[in-house]
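Please read through the structure below; I'll follow up with questions.
This is a predicted model, so every value here is computed, not measured. In each ligand, atom 1 is the first atom listed, and ligand 1 is the first ligand listed.
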Amino acid sequence: MSQEIRIAPSILSADFSKLGEEIAAIDKAGADWIHLDVMDGHFVPNLTFGPPIIKALRKTSTKFFDAHLMVSNPDVLLDDYIAAGCDGVTVHIEAATHLDRTLSAIREKGAKAGVSLNPHTSIEGLSYVLDKLDLILVMSVNPGFGGQSFIPAQLDKIAAIKQMIGDRDIDIQVDGGVTADNVGAVKAAGANVLVAGSAAFKGGPSCYQANITALREG
Ligand code: DX5
Ligand code: ZN
């Protein structure tokens, strides 16, 4: 089943001094989803924001809030992320001791359930939870920071996941170093949700629409 192409700008690359305005601007510029990079300073070296900030930002856009939890214990705050307004919650397979239970809990609480794989992680761990998944996130950089270079080896992983899921209604999302120059190869490999931080927010608000168009059409 071919899924609709969606562009999900990552606010990690936005101007943090005015996040609400930035989300409203990227929404208006044509973003399909808003990618929220939650980092706990433990699972990844960086530390960003959590449910209170997300709750405050919820009123700035009606677009799909796509929470990427780069945290060591994702089960602890699931209720808070969903109450804050996250429409999708993606946990890292490397941090989910009981992934089947966590994905079921995300769905039971009313959000779309996603799992993310770091660049070194193979896809075998997905085999027995495919029926619990709405989204699979392939990290094309080592998580923690924006502005890194795309890891080309992940293209094979994307294609392998595409084959694994068959005609299931599961989005394949790619995150890290995605630009207008490589987005064509990423889509050709099988991805349909494209996260971009630097490539979406570069140049400031007057460039956002052109940036998103370049990613959508690349
Ligand atoms: C990295 C984050 C990515 C990152 C993307 O840990 O998960 O979403 O912000 O930023 P770019 O597109 O600049 O690599
Ligand atoms: Zn991310």
Side-chain angles (χ1 to χ4, degrees), residues 5-16 19 22-23 26 29-50 53-54 57 63-72 74 81 86-96 111-121 134-155 157-158 171-187 191-204 207-208 210-216 218:
I5 294 291
R6 297 186 187 94
I7 307 299
S10 159
I11 65 169
L12 187 66
S13 299
D15 179 342
F16 267 40
L19 266 185
E22 288 276 80
I23 289 177
I26 206 79
D32 298 301
W33 291 7
I34 306 295
H35 186 78
L36 307 168
D37 281 318
V38 177
M39 300 180 184
D40 67 357
H42 184 258
F43 180 73
V44 291
N46 210 343
L47 181 64
T48 55
F49 48 78
I53 298 286
I54 293 171
L57 294 173
K63 295 287 174 73
F64 188 94
F65 267 23
D66 166 37
H68 175 193
L69 302 190
M70 289 164 276
V71 302
S72 293
Y81 285 108
C86 294
D87 299 293
V89 177
T90 298
V91 301
H92 268 263
I93 197 169
E94 302 90 357
K112 295 286 187 186
V115 66
S116 181
L117 286 76
N118 282 333
H120 73 283
T121 304
D134 300 299
L135 177 139
I136 298 169
L137 167 48
V138 177
M139 290 307 295
S140 37
V141 296
N142 290 292
F145 303 93
Q148 300 180 80
S149 298
F150 182 85
I151 301 173
Q154 300 306 303
L155 291 171
K157 185 188 289 186
I158 297 163
D171 285 318
I172 300 177
Q173 184 178 44
V174 178
D175 183 6
V178 175
T179 66
D181 295 332
N182 61 31
V183 72
V186 174
K187 288 191 275 191
N192 70 293
V193 183
L194 307 152
V195 176
S198 319
F201 284 96
K202 67 182 180 184
C207 300
Y208 292 170
N211 293 343
I212 289 173
T213 302
L215 288 161
R216 194 181 305 282

When distances are taken from atom 12 (O) of ligand 1, the protein heavy atom at minimum range is Gly197 N, 2.7 Å
Taking only non-hydrogen atoms of Gly147 and a 4.0 Å limit, the atoms of ligand 1 in range are 11 (P), 13 (O), 14 (O)
Per-atom filter on ligand 1: closer than 4.0 angstrom to a heavy atom of Asp175 are 2 (C), 3 (C), 4 (C), 5 (C), 7 (O), 8 (O)
heavy-atom search around atom 13 (O) of ligand 1 in the protein gives Ser198 OG, 2.4 Å
Of all N, O or S atoms in His68, the one closest to the Zn ion (ligand 2) is ND1
> For residues Asp37 and His35, is any side-chain donor paired with an opposing acceptor at under 3.5 Å?
Replying inline: yes
The atoms of ligand 1 lying under 4.0 Å from a heavy atom of His68, numbered in the order shown, are 7 (O)
Separation between CD1 (Ile158) and NZ (Lys187), nearest 0.5 Å, reads 12.5 Å
Per-atom filter on ligand 1: closer than 4.0 angstrom to a heavy atom of Gly146 are 10 (O), 13 (O)
Q: Specify whether Phe43 and His92 have parallel, tilted or perpendicular ring planes, treating 30° as the upper limit for parallel and 60° as the lower limit for perpendicular.
A: tilted
Per-atom filter on ligand 1: closer than 4.0 angstrom to a heavy atom of Ser10 are 8 (O), 9 (O)
Atoms of ligand 1 under 4.0 Å from any heavy atom of Leu12, numbered from 1 in the order shown, are 9 (O)
The closest protein heavy-atom partner of atom 9 (O) of ligand 1 is Asp37 OD2, 2.9 Å
When rounded to the nearest 0.5 Å, the distance separating OG1 of Thr90 from CG of Leu135 is 4.5 Å
message = Working note: Phe150 + Val186, criterion side chain to side chain contact (heavy atoms under 4.5 Å, CB included); need CA distance, chi angles, decisive distance, verdict.
response = CA-CA 10 Å; Phe150 182 85; Val186 174; 3.7 Å; yes
for atom 1 (C) of ligand 1, nearest protein heavy atom and its distance come out as Phe145 O, 3.6 Å
ask   = Do any N or O atoms from the side chain of Asp40 and from the backbone of His42 form a donor-acceptor pair under 3.5 angstrom?
value = yes
What do the steps show when you test Ile54 against Phe49 for side chain to side chain contact (heavy atoms under 4.5 Å, CB included), and what is the final call? CA-CA 8 Å; Ile54 293 171; Phe49 48 78; 4.1 Å; yes
Rounded to the nearest 0.5 angstrom, the OG-CG distance for Ser198 and Leu12 is 8.5 Å
heavy-atom search around atom 6 (O) of ligand 1 in the protein gives Gly144 N, 2.7 Å
*Mark yes when over 12 heavy atoms from residues, nucleotides or ligands other than Lys63 sit less than 6.0 Å from its NZ; otherwise mark no.*
yes
**OP:** Consider every N or O of Asn142 and every N or O of ligand 1, then say whether any pair is closer than 3.5 Å.
**Re:** no
Nearest non-hydrogen protein atom to atom 14 (O) of ligand 1, with distance, is Gly177 N, 2.8 Å
Work out whether the distance between some heavy atom of Gly176 and some atom of ligand 1 is less than 4.0 Å. yes
- prompt: Can you find an N/O atom of Met39 closer than 3.5 Å to an N/O atom of ligand 1?
  reply: no
The angle formed at the Zn ion (ligand 2) by NE2 of His35 and OD1 of Asp37 is about (to 10 degrees) 90°
- Query: Between Asp171 and Lys112, is there a salt bridge with N-O shorter than 4.0 Å?
  - Reply: no
Distance col, row Ile11:CD1 vs Phe16:CZ, nearest 0.5 angstrom, shows 5.5 Å
So CG of Leu194 and CD1 of Ile7: to nearest 0.5 Å the spacing works out to 4.5 Å
Among the N/O/S atoms of Asp175, the Zn ion (ligand 2) lies closest to OD2
Note: ligand 1 atoms sitting under 4.0 Å from heavy atoms of Pro143 are 6 (O)
Ligand 1 atoms nearer than 4.0 angstrom to some heavy atom of His35 are 8 (O)
